[in-house]
Asks: 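Here you go, one structure.
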Amino acid sequence: DARVTQTPRDKVTEMGQEVTMRCQPILGHNTVFWYRQTMMQGLELLAYFRNRAPLDDSGMPKDRFSAEMPDATLATLKIQPSEPRDSAVYFCASGLESGVGGELFFGEGSRLTVL
Amino acid sequence: SQQGEEDPQALSIQEGENATMNCSYKTSINNLQWYRQNSGRGLVHLILIRSNEREKHSGRLRVTLDTSKKSSSLLITASRAADTASYFCATDAGQAGTALIFGKGTTLSVSS
C-alpha cells in the first residue's frame, strides 16, 4: 500500500532550536509539496518541487525556512531558528502532476510545537 | 493567499440526511478537487472535476462546477456518522505546473 511517510509525527522543541522534518514521497511520484496547517490560516503552501527542482517556495519565510530534495526518495523541511509562531501541523504531499490534473497523496503530518 | 473559500464553515446533520458544502474561488482553473480530512490525519482525495465538466458523481458524492460563478458544491447523500470530517476544496491557478491551493474547509458533523 503506497503512502507518503513523514517523520517525526510529533515534535516539541524550544524556541531557537533547529527542526528538520522529513518526507518520503510515493515511489514514482514526481511532485512534492509542503503545506502548513493552522486553525487561523488553514492550509498554506510552503514549497513545491517537480522532479526534485524547487518550483515555488514563495509561501515560505526564507529567513528561517528551507526545503530541499536531496534525492527522489527524500524531501526535507528545515526551520532554523524555530519560533513559537511556527507551531503547526506540517504536511507533505506527493503526486504525479499538478496544475493539469492529478490528485495529491498526503502524509499523516508532523505536528510541531515550539515553546 | 486563499484561492478557495468553503461555506458553511461548520455543518451539523443527522445520519441519513444530505450534506451540501460550497466552494468559491477567485481565478480561472484547470480543475477543482475535493479532499477530506479526519481529525488528526492527513487529507485524502475524494473527487476531481475538470473545468469543462459541470457535474461528476462518485458513490454517494456529487460535485458540481459552475465556472461562470467560480463556484463548486459537494453533496454527500445519505450521510453516515463515518462521514464526520473536514472537507476542503482545492484549485490550481489555471496554469500548468502550479500547485493546489486549499480553502479553510467545512467541518461536517454527522450524528447518529
Side-chain angles (χ1 to χ4, degrees), chain A residues 1-7 9-10 21 23-26 29-51 53-60 67 88-111, chain B residues 1-10 21 23-53 56 58 61 63 65 85-107:
Chain A
D1 186 25
R3 57 180 176 171
V4 175
T5 303
Q6 289 186 248
T7 57
R9 286 299 310 277
D10 283 282
M21 288 167 274
C23 168
Q24 182 175 357
I26 291 174
H29 282 185
N30 67 334
T31 59
V32 173
F33 303 80
W34 284 103
Y35 288 92
R36 175 171 64 184
Q37 186 176 40
T38 61
M39 288 295 294
M40 290 298 295
Q41 299 298 326
L43 274 158
E44 300 174 279
L45 176 69
L46 295 177
Y48 163 32
F49 293 82
R50 171 176 282 183
N51 297 325
L55 286 191
D56 184 356
D57 61 0
S58 57
M60 197 166 65
V89 181
Y90 291 80
F91 286 101
C92 175
S94 71
L96 277 175
E97 59 182 289
S98 178
V100 289
E103 64 183 277
L104 294 188
F105 294 79
F106 280 76
E108 296 288 17
S110 294
R111 179 178 297 277
Chain B
S1 63
Q2 230 68 36
Q3 162 73 313
E5 293 288 340
E6 289 90 344
D7 170 63
Q9 290 187 347
M21 288 157 268
C23 168
S24 59
Y25 57 92
K26 299 173 184 174
T27 68
S28 60
I29 59 172
N30 284 315
N31 66 67
L32 184 145
Q33 303 183 36
W34 285 90
Y35 286 78
R36 165 194 169 126
Q37 183 182 33
N38 285 13
S39 181
R41 306 295 299 272
L43 282 75
V44 175
H45 179 265
L46 292 177
I47 194 166
L48 179 153
I49 186 165
R50 300 192 185 279
S51 59
N52 61 354
E53 297 176 313
K56 201 162 183 180
S58 176
L61 305 181
V63 169
L65 179 64
S86 292
Y87 293 82
F88 297 86
C89 69
T91 56
D92 56 39
Q95 299 175 15
T98 56
L100 291 182
I101 305 299
F102 288 81
K104 290 192 175 181
T106 292
T107 299

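Just so we're on the same page: letters track the sequence lines, and every chain starts at 1.
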Asks: Begin with the C-alpha distance, continue with both residues' side-chain angles, and end with the deciding distance and a verdict on side chain to side chain contact (heavy atoms under 4.5 Å, CB included) for A:L104 and B:Y35.
Replies: CA-CA 9 Å; A:L104 294 188; B:Y35 286 78; 3.5 Å; yes

Asks: Which atoms of A:R3 are under 4.5 Å from chain B, going by heavy atoms: the side chain, the backbone, both sets, or neither?
Replies: neither

Asks: Give the member of A:Q6, A:R111, A:Q37 that has the highest number of heavy-atom pairs under 4.5 Å with chain B.
Replies: A:Q37

Asks: What distance separates B:L43 CG from A:E103 CD, expressed to the nearest 0.5 Å?
Replies: 12.0 Å

Asks: Answer with side chain, backbone, both or neither: which region of A:F105 has an atom nearer than 4.5 Å to a non-hydrogen atom of chain B?
Replies: neither

Asks: Can you check whether B:F102 and A:F106 have ring centres sitting under 6.0 Å from each other?
Replies: yes

Asks: Would you find more than 12 non-hydrogen atoms of other residues, nucleotides or ligands less than 6.0 Å from B:E53 atom CD?
Replies: yes

Asks: Is B:K104 reaching over with its side chain to a backbone N or O of A:M40, donor-acceptor style, under 3.5 angstrom?
Replies: yes

Asks: What are the two closest non-hydrogen atoms of A:F91 and B:G42, and how far apart are they?
Replies: CE2-CA, 3.5 Å

